[in-house]
Each structure stands twice: as C-alpha cells, then as structure tokens.
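Take a look at the structure set out below.
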Amino acid sequence: MKSPEILIIYTGGTIGMVENHETHALEAFDWNHLRAQVPELEQFHFHIDAITLGDPIDSSDMTPDDWVRMAHSIEDNYSSYDGFVLLHGTDTMAYTASFLSFMLEGLDKPVIITGSQLPIGQLRTDGKENLLTSIEIAAARNAEGKAMVPEVCIFFENELMRGNRTTKINSEGFNAFISYNFPALAKAGIHIEYNTHEILYNRPSTTSECYDILRQKKNGEGHDGLTVHYLYDNHIAILTLFPGIGEGVVRAVAQTPGLRALILQTFGSGNAPQKKWFIDILHELNRRGITVVNTSQCERGTVEMGRYETSLQLLRAGVLNGYDSTLECVVTKLMFLLGHDCTQEQIRHLMSTSIAGEVNIR
Ligand code: ASP
C-alpha cells in the first residue's frame with residue numbers, strides 16, 4: 001500500500017501561536033517551518049505538507065466566504081492527498097465543520113478539524129496532542145486501503161466527533177467540544193479505537209436524494225468523486241425565547257429586511273409561549289414564505305413538536321422541526337439550502353432529512 005500523504009491547512013486561531021521567549025508576546029507560528037517547530041512529526045513515516053490559507057484569522061472573524069476558501073483548497077488538493085487536517089480557532093469551529101460537511105458531496109477522505117486552547121508554542125499546550133492525533137487519524141486506512149473516517153470531523157482532547165454534531169462548550173478547559181446527541185467516532189487512548197458502526201462509510205440514500213434536489217438549481221464541479229457546493233445565503237436570524245419576551249422584540253426580528261429563515265430557540269422539547277400575538281407573528285412569517293425552525297435551548301435530546309399544547313401551535317403555524325441537531329448545524333444547513341434557492345417545500349423536506357449524518361429523525 002502506498003504511504004499516505006497528508007495536507008495541513010492552517011486558517012488561524014490559538015493553535016498557530018508561539019510565545020516569543022524575549023518579549024513573552026504571542027506571535028504567529030510559521031507553518032512553512034512546521035517540522036522545526038514540531039519535531040515529533042519526523043516520527044510519522046509519511047509525507048506531510050502544510051499551507052496557510054490567506055492571512056491567519058481569529059475564528060470569530062470567520063464568514064461563509066472563508067468556508068468557501070477552505071472548500072476550494074480541499075478541492076484543489078483533493079487528488080494529491082489522502083487526508084486533510086484543518087487547523088482552526090475553536091470559537092466558530094463547529095460552524096465551519098457543519099458547513100463543510102454539507103459542501104463536500106461524495107467525500108471519501110478524512111477532513112479532520114482541530115485547534116487548541118493553548119498556543120502550540122507554549123509549555124503545556126494541548127495543540128501538539130491534537131495536531132499529532134489528527135494527522136494519525138487523517139492517515140488511517142483499513143485493510144482495504146480505504147480511509148478509516150471519510151467524514152468532516154472535529155478532533156479535540158482525545159475524541160473524534162462528527163463535525164456537524166459538535167458544539168463548543170468550554171472556554172478554558174482542554175475539553176472544548178462535545179457531541180451531545182451522537183456518539184464519538186473514535187477515542188484516542190493508548191490505541192485509537194474507531195467506532196466503525198457509526199462512521200458514515202455508505203451515505204444513506206437520502207444523501208443523494210438531497211443533492212439531486214440541489215443539483216436542479218446550481219451545482220459545483222466534480223473531482224475524483226468529490227463535488228463541492230459553494231452556494232450560501234446568510235439571510236437568517238436566531239431568536240432565543242425567554243419568559244417575558246416582548247412583542248416588540250419578536251416583531252423587530254420578524255421584520256428584518258431580506259429575512260428568509262428564522263431559528264427559534266425554544267424551551268425544553270420545543271415549547272414556546274401561547275400568546276396570541278406570538279402565534280400570529282409565526283403565521284404571518286409562514287404566509288411571507290419565511291422558514292421558521294424550532295431548536296431547543298436544551299442541547300441534549302430532541303425537539304418533539306406536538307408533545308405539549310405549547311408546541312402544537314408552532315406545528316400549526318408551519319414551524320419546522322430541528323429535531324436533535326445543534327444550533328450550528330441548523331444555521332449552516334439553512335444557509336446552504338437557501339443558497340441553492342430551494343422552495344419552502346424543498347426546505348421543509350430537506351430539513352427533515354439527513355444529508356451528512358447531522359440529524360436523527362424520529
Ligand atoms: N479566539 C480564538 C479563535 O477562535 C480561540 C481559539 O483559537 O481557540 O480563533
């Protein structure tokens with residue numbers, strides 16, 4: 001078997017910082033001298049290249065255009081490498097992972113996204129562990145020579161998680177990410193144990209059905225089985241409910257110019273106040289062709305509309321179910337579907353269908 005070739009793509013974030021020993025200031029790490037900075041890489045007996053994507057940025061500054069640039073870089077290098085490690089700030093890493101998982105149709109190579117809480121050039125950094133294990137996972141192949149994890153994932157503190165299932169939960173500890181509603185795809189201890197029953201080796205038939213719908217609109221170019229979809233539309237808003245929320249606030253959000261989709265962050269299993277003005281606004285949004293999706297403020301578990309009277313009225317107002325998906329996933333999936341000019345009916349159908357293992361529909 002030919003030895004694997006891995007490409008590291010650095011986009012920014014804490015991981016790419018080193019401490020200047022004289023001034024103690026954090027400075028950007030030079031990924032062109034990767035092997036000098038991380039000598040442990042010599043112990044991998046395969047080829048590793050590293051590139052920096054534009055100017056490194058803090059991930060709080062990321063926009064969908066940066067996701068497009070990342071996808072271009074994966075597409076341009078797809079036939080030359082067997083796996084990709086994307087280094088990224090942690091703050092918006094889960095959004096990037098979700099969006100990429102929808103963009104990369106037919107992905108059969110690992111795209112492992114990682115970063116760190118402490119700069120790679122600092123004593124006690126978690127960056128080296130995260131980087132080295134991510135490279136090992138990106139290069140791992142089974143007995144048939146196929147990638148062990150042909151998915152967009154986040155690796156952090158010994159856990160490999162499906163990217164579109166993750167949420168950042170910790171701004172200090174090394175365990176920065178969690179996948180509340182889906183099991184880990186691998187755990188790194190003395191050995192890396194892969195959870196092969198959960199890894200998407202054969203995408204569900206719903207995946208191709210979804211992409212066929214998107215293809216009727218506009219479509220990316222195919223490359224070695226990979227087709228990248230670059231379209232997005234960010235005319236969406238998130239409204240977090242709280243007891244006592246005022247009509248003025250809800251109306252102001254509903255009247256946002258250009259709005260195409262609204263994500264409601266509801267209570268418990270998807271419940272909302274039964275106030276008439278609130279339900280009237282939802283009906284009005286439905287009439288205006290604006291998609292409304294119900295996600296819960298409870299991150300573990302699923303939305304079950306109709307379980308209580310307080311969610312039945314949302315169902316009647318045409319609100320869609322976000323099921324057990326993360327907020328990051330719903331934001332990026334809506335941007336993706338709206339970008340392809342899907343009709344409201346198509347969005348209704350695709351939001352209730354798994355494209356990249358992002359949701360469990362009961
Ligand atoms: N603010 C940084 C970022 O997300 C934090 C990090 O890198 O973890 O880019």
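All values below come from the heavy atoms of this structure, side chains included, with hydrogens, waters and symmetry mates left out. One-based numbering along the sequence shown. All values derive from a computational prediction rather than experimental measurement. In each ligand, atom 1 is the first atom listed, and ligand 1 is the first ligand listed.
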His88 versus Thr11, side-chain donor and acceptor atoms under 3.5 Å:
no

Using distance alone, with no hydrogens and no angle criterion, decide if Asn170 and Asn175 have a side-chain donor and acceptor under 3.5 Å apart.
yes

Pi-cation contact, Phe182 with Arg162 (under 6.0 Å, within 45°)
yes

Exercise: do Ser59 and Asp91 side chains pair donor with acceptor under 3.5 Å
no

Check this for me: Gln122, atom CD, are more than 12 non-hydrogen atoms of other residues, nucleotides or ligands nearer than 6.0 Å?
yes

Provide the full list of side-chain hydrogen bond (donor to acceptor under 3.5 Å, both in side chains) pairs with a residue in residues 326-335, sequence neighbours left out, each pair given once.
Lys333-Glu358

Taking only heavy atoms of the protein into account, state which residues are under 4.0 angstrom from an atom of ligand 1, in chain and number order.
Gly13, Thr14, Asp58, Ser59, Gly89, Thr90, Asp91, Ser116

